[in-house]
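None of these values were measured; they are calculated from a predicted model. First listed ligand is number 1; within each ligand, the first listed atom is number 1. We use all heavy atoms of the structure for the numbers below, so side chains are in, but hydrogens, waters and symmetry mates are not. We're numbering straight along the sequence, starting at 1.
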Amino acid sequence: MPAAPDPKLLARLRAPLDERAALSLERTLVPRAPEAPWVCLADNDYMGLAHDPQVVAAGKAALDRWGASSSASPLITGYTAEHAALERELGDWCGFGHALVWNTGFAANAAVLGTLPKPGDLVLADRLIHASMISGLLASGARLQRYPHLDLAKLEELLKKHSGHEGVVWVVTESVFSMDGDYPDLKKLAALKAEHGFTLVVDEAHATGWHGPTGAGLLEREGVAAYADIVVGTLGKGLGAFGAYTLFHDEIFRRHLLNFAPEFVYSTYLPPACAASARAAVRCVKALHAAGLDTGALSRRWRDAIRTVVPGTPEGDSPIVPIPLGDAARTLRAAQRLQESGWKVGAVRPPTVPEGGARLRVSLRLGLDENAPAEFAEALRSALAE
Ligand SMILES: Cc1ncc(COP(=O)(O)O)c(C=O)c1O
């Protein structure tokens, strides 16, 4: 007989699940096949690179050369020439002197914000920053104060209020926000940094590949990469590979993290094949932009089509288009109906987004048919019909 869980534990585990299920909020896993029967607008492969022949070939060649695993944590033997080459490529591309590759963006954020801020520091963060950043910040012991989403006037007020703060003052934001696809005025943020001298951490997870004249991100597009002390980016979204990276102008951050961040020190490192695929993806992204890619126009075309059905869909130029529906059950139903008609979108519900903020999340990707926005809008209209 397999061991049965303690009944007290069982009850404790069951209660929140029952609560979620009753509210249409329980999550389940559904394995997908490699050839999915839908157009995928749910993942984060914005540049359509996960199946790009060059990205795949680079990974295969590295698998042949290095094997399937890095086989150790980076400080033992896990850090390879592939990782080092990727760091150089990323640093040169984004305009930073130093880079460090991570297993995941979650680990990178948790490490940066769990290891560098200390008790006595003050962290001012956008209210909607990703769970990985919150996770790090809560572990750090620093004081966390959140400002309203994108509200840099409020941030400025807080900076003035805390101008005599003894500890280090940090400002933490995403560039493109993962559930809303919007972003702060990074030029204004840079001006605030010049005036107030805080330490700035920017998560570019959803901007890499899409934004900027070479696809290096929103900091590149706004010309303010020099102002960010630490950038976090991912390899598994716009770059179509897997893993993450951090970028620094000052080497001290890299040295400190690789010595003291447990997520880095005590974990088997990213397989070299992922680093090789990511490096190939950087080159693909640069080539796409050099050839005149206009991602903003693509985003606007989709939004215009979707707004004919849900007028509250926000304007913008990022790859993430939230379609606000509010009600969780309605959102789930609409996503199911869309899937039945051949379109896979995310159904995002609390607690991932605030109460009442349930939405369909459409992730755009390059390479879809020109008629796709209009066809999707029609499918959405049917999916929302009562
Ligand atoms: C803004 C943001 N940062 C970090 C992450 C984590 O990245 P990864 O998926 O590589 O762990 C995510 C992923 O969902 C994200 O949306």
Exercise for review: Write out all pairs satisfying ring pair (Phe, Tyr, Trp, His ring centres under 6.0 Å) with one or both partners inside residues 263-303, taking only residues at least two apart or from two chains.
Suggested key: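 Passing the test, one end in residues 263-303: H83-Y269, W102-F264, F264-Y269, W302-F376.
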Practice item. Kindly indicate, with the supporting measurements, whether the criterion ring-ring contact (aromatic ring centres under 6.0 Å, His included) is fulfilled by F177 and H130. Key: CA-CA 8 Å; F177 276 79; H130 192 256; over 10 Å; no
Check your understanding: Charged N to carboxylate O below 4.0 Å: is that the case for R359 and D180?
Key -> yes
Between ligand 1 and the protein, which N/O pairs fall short of 3.5 Å?
residue	atom	partner	partner atom	Å
ligand 1	3 (N)	D203	OD2	2.6
ligand 1	7 (O)	K237	NZ	3.2
ligand 1	9 (O)	K237	NZ	3.0
ligand 1	10 (O)	G105	N	2.8
ligand 1	11 (O)	G105	N	3.1
ligand 1	11 (O)	F106	N	2.9
ligand 1	14 (O)	H130	NE2	3.4
ligand 1	14 (O)	K237	NZ	3.4
ligand 1	16 (O)	H206	NE2	2.6

Check your understanding: Does one side chain, of R337 or S341, offer a donor that lies under 3.5 Å from an acceptor on the other?
Key ->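 S341 and R337 do not have a side-chain donor-acceptor pair below 3.5 Å.
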Practice item. Using the test side chain to side chain donor-acceptor pair (under 3.5 Å), find all partners of D317 that sit at least two apart in sequence or belong to another chain. Key: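 Residues passing side chain to side chain donor-acceptor pair (under 3.5 Å) with D317: Y183, R221.
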Point to revise | Pairs where residues 191-201 contributes a residue and the test side chain to side chain donor-acceptor pair (under 3.5 Å) is met, not counting sequence neighbours | key: K193-D229
